[in-house]
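Below: the structure, in structure tokens.
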Number of protein chains: 2
Amino acid sequence: MNRSASIKDVANHASVAVGTVSNVLNYPDRVSQRTKERVLRAIDELGFVRNDAARQLRAGHSRTIGLIVLDVGNPFFTSVVRAAEDAAALQGSAVLLGDSGHNASRESNYIDLFQEQRVQGLLISPVGDVTERLDLLRERGIPTVLVDRLADENKYSSVSVDDDAGGYLAARHLLDTGRRRLAFVGGPTTIRQVADRLQGAQRAVKEEPDATLEVLDSAGQTVLAGRGVGNLLVERGRGELPDGIFCANDLLALGVMQSLTMTHTLRIPEDIALIGYDDIDFAVSAVVPLSSIRQPTEALGRTAIELLAEELESNNPGHRAVIFTPELVVRQSTGPARSTSAG
Amino acid sequence: MNRSASIKDVANHASVAVGTVSNVLNYPDRVSQRTKERVLRAIDELGFVRNDAARQLRAGHSRTIGLIVLDVGNPFFTSVVRAAEDAAALQGSAVLLGDSGHNASRESNYIDLFQEQRVQGLLISPVGDVTERLDLLRERGIPTVLVDRLADENKYSSVSVDDDAGGYLAARHLLDTGRRRLAFVGGPTTIRQVADRLQGAQRAVKEEPDATLEVLDSAGQTVLAGRGVGNLLVERGRGELPDGIFCANDLLALGVMQSLTMTHTLRIPEDIALIGYDDIDFAVSAVVPLSSIRQPTEALGRTAIELLAEELESNNPGHRAVIFTPELVVRQSTGPARSTSAG
DNA sequence: TCCACTCTTTGAATCGTTTCATTGTTACGA
DNA sequence: TCGTAACAATGAAACGATTCAAAGAGTGGA
């Protein structure tokens, strides 16, 4: 048995026309019970499996959706991907996943591939400036939804998260638990996410006249970078220390935590409260469980699929930019302070 | 512009036959320079992109390879996936990725999907017993390679890692650095990986007459479980402590490390050496950088694709089971002990 | 000028499915 | 008995690329 059975083989085996077999598969109601049973038996006996290529060819488009992310290893995207897959499955589509790895040429290859596959649509978290390519795709009938990037609503639909709001949430939480001398730890503010989170934090601090926000630049967004900043803090005199630290992501926060706890004199959260961003798996199992800001990744993935579905409704020329607000996750690292007149 | 250009449109636009356009795309040498240029210009002007469905239909199979993993969020699989994608790209294939999430029904859905897509072959890290399905697939001309699971060479090709050898490596390293009272920390030994790693460690310990190995059962494979075991250790009298601990994975080791370092009296590696397994990203940025056993994930992914290619060579009925040996990564957590007659 | 040969180009047939106009069947009321 | 729905089943055409036998064009030698 070299070649797999076709619909024609099934038709012969069941002594019906090919059209009838097709109807059994696609419009069971149009076929009489007797015939249906015969056809189904034939399908079973021959082990027939639909050839999707032929179906696609006839239909003019596939039932797959292309999804290109910056890094499948990043838990943020992993979670978005899973949600998108589930949402797509519900509407009978499958997701083709591409990992650009922050690499524009890999990204371009995937766009080529997906175009050859005639995907229904494309979800993309773009590396470079791909607007020209996306415009071309749209002309060819393949709509795009941008993921984790805010797009001009006149041009594209998009789903993104409000990093400014996230920064505000984090700083506000530190303020609400009585901290007043805050510090922000984050890499180069040329990274949009870092800049936005900082901006949100500043907004919150301005609401409290007696609160201050110090910005500590970190060399990157890693645990090591965080430990570097932490070590500098530890060398300070007790009075010059912040009492609340907000890190631009959890890795930085874990690094800072390592430095502070190693001193054996500074305690978290009694002396210094600490909050991160992203709520990675490790946050909960840190030495002191880390408070963090959780991004609604499931909602991102699900909504991206929904927006794509909207785009696919032919008589719908509009676009929508959906912006999600992240969520505060309180754990021990921002618990009660030692001796403050907390609010 | 609703429908995208077909090869026929290109042929008309360039005033040549469809066969010629196809030749330009697939056998450029057969076409004269003049004609080639005209056709390429037409392709460019119309923005023609091959329809892969049509090509596939004619060819009888696609240029894609199905890959089903247990958990895309797991760094082990993420790395395997990436290597497989790269290796596949080199031979002109694309990888369709499916995440079964340890769920047999999701796994089954992906197998269905991939069969409809007529993938060239399937790489799978199976959840349940899928041998029957895989046998059927093979009858239909879709070969399978098992990933991270040792298969009977008479039935399937497979790529896997020798956990026994990994366990031996870890224990041997502790012994080589002078430790004699070893402990193994790992979840239920009903998990094959855990059992194999333990067995390898026991093999190494037997080589040293004066060495002992204590088995500490952990409730799971998480940081928290590790911390639980660590807390029990800390309560022991100094003389009853092991001087070298091998954890069945890095998460456990990080948990143990948290407990030990929090005592402020036990030092790693001076008092107790610690080694994990998997070499996750966090290992290097732990408070004390964690020694570990690294699995050759890139080689796994690459080799899986190669074995599949072998299976696809029609005149090749044999199978191969490739078993990789993991690699020791030495970091600070297994540095010199305090006062031992080290080897 | 004609033949033989090579190099290009042609276009019908093919892959497997869906669609849809057409034909066949059955049932029922007039 | 006939006409008319309603329902089932039919099978040719279409989707777009590739293949391949055949025709055409060009070249050089006799």
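Residue numbering restarts at 1 for every chain, and letters A, B, ... go by the order of the sequence lines.
One atom, CG of Asp52(A), and another, P of dT17(C), lie 10 Å apart when rounded to the nearest Å. For the pair Leu46(B) CG and dG16(D) P, the computed distance is 13 Å after rounding to whole Å. Atom CZ in Arg34(A) sits about 11 Å away from atom P in dT26(C), given to the nearest Å. In this structure, CG of Asn23(A) is placed 10 Å from P of dT10(D), rounded to the nearest angstrom. Rounded to an integer number of Å, the gap from Asn51(B) CG to dC15(C) P is 18 Å. In this structure, Asp9(A) atom CG and dT17(C) atom C1' are separated by 13 Å, rounded to whole Å. Taking atom CD of Glu37(B) as the reference point, atom C1' of dT8(C) lies 16 Å away to the nearest angstrom. One interatomic measurement links the two molecules: CZ of Arg63(B) to C1' of dA17(D), which rounds to 12 Å at whole-angstrom precision.
Between Glu153(A) and Arg320(A) no salt bridge is recorded (no basic side-chain N to carboxylate O distance below 4.0 Å). A salt bridge does not link Arg106(A) with Asp99(A): every distance from a Lys NZ or Arg NE/NH1/NH2 to an Asp or Glu carboxylate oxygen is 4.0 Å or more.
As judged by a 4.0 angstrom heavy-atom cut-off over every strand, Gly60(A) is placed among residues making no nucleic acid contact. In this structure, Val31(A) reaches the sugar-phosphate backbone alone: every heavy-atom distance under 4.0 Å involves primed, P, OP1 or OP2 atoms, never a base. Within the 4.0 angstrom heavy-atom criterion, only backbone atoms of the sugar-phosphate kind lie near Ser32(B); the bases stay farther away.
In the set dT18(D), dA13(D), dG11(C), dA13(D) carries the atom at the smallest distance from any side-chain atom of Arg58(A). Side-chain proximity of Val18(B) to the nucleotides dT18(D), dT10(D), dG16(C) is greatest for dT18(D). When distances run from any side-chain atom of Tyr27(A) to the nucleotides dT17(C), dG16(D), dT19(C), the shortest one goes to dT19(C). Among the nucleotides dT17(C), dA17(D), dT9(C), the one closest to the side chain of Ile7(B) is dA17(D). Closest to the side chain of Val16(A), from the set dT9(C), dT10(D), dT18(D), is dT10(D). For Ala54(A), taking side-chain heavy atoms from C-beta onward, the closest of the listed nucleotides dT10(C), dT17(C), dG16(D) is dT17(C). Proximity note for Phe48(A) (side chain, C-beta onward) versus dT18(D), dC15(D), dT17(C): the nearest is dT17(C). Which of dA9(D), dC15(C), dT18(C) sits closest to the side chain of Leu57(B) comes down to dC15(C).
Both Ala59(B) and Ser15(B) sit near DNA chain C, but only Ser15(B) has its closest nucleotide nearer the 5' end.
No side-chain N or O of Ser108(A) forms a donor-acceptor pair with one of Ser105(A) less than 3.5 Å apart.
Taking 4.0 angstrom as the limit, Asn26(A) places a side-chain polar atom (N or O) nearer than this to OP1 or OP2 of dT18(C). Contact annotation: Arg30(B) does not reach the phosphate of dT8(C) (side-chain N/O to OP1 or OP2, under 4.0 Å). Contact annotation: Thr20(A) side-chain N/O to dA9(D) OP1/OP2 distance is not under 4.0 Å. The side chain of Arg118(A) contributes no N or O atom lying less than 4.0 Å from OP1 or OP2 of dC15(D).
The backbone N or O of Arg63(B) lies less than 3.5 Å from no partner atom in the side chain of Arg118(B), so there is not a single donor-acceptor pair.
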Given the rule in the side chain to side chain donor-acceptor pair (under 3.5 Å) test, do Asp278(A) and Gln295(A) qualify, once you have shown the distances and angles that lead to the verdict? CA-CA 6 Å; Asp278(A) 285 344; Gln295(A) 311 213 48; 3.1 Å; yes
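The side-chain contact (heavy atoms from CB on, under 4.5 Å) with Ile65(B) is formed by just one residue from the set Leu122(B), Val145(B), Leu96(B), Ile305(B); it is Ile305(B).
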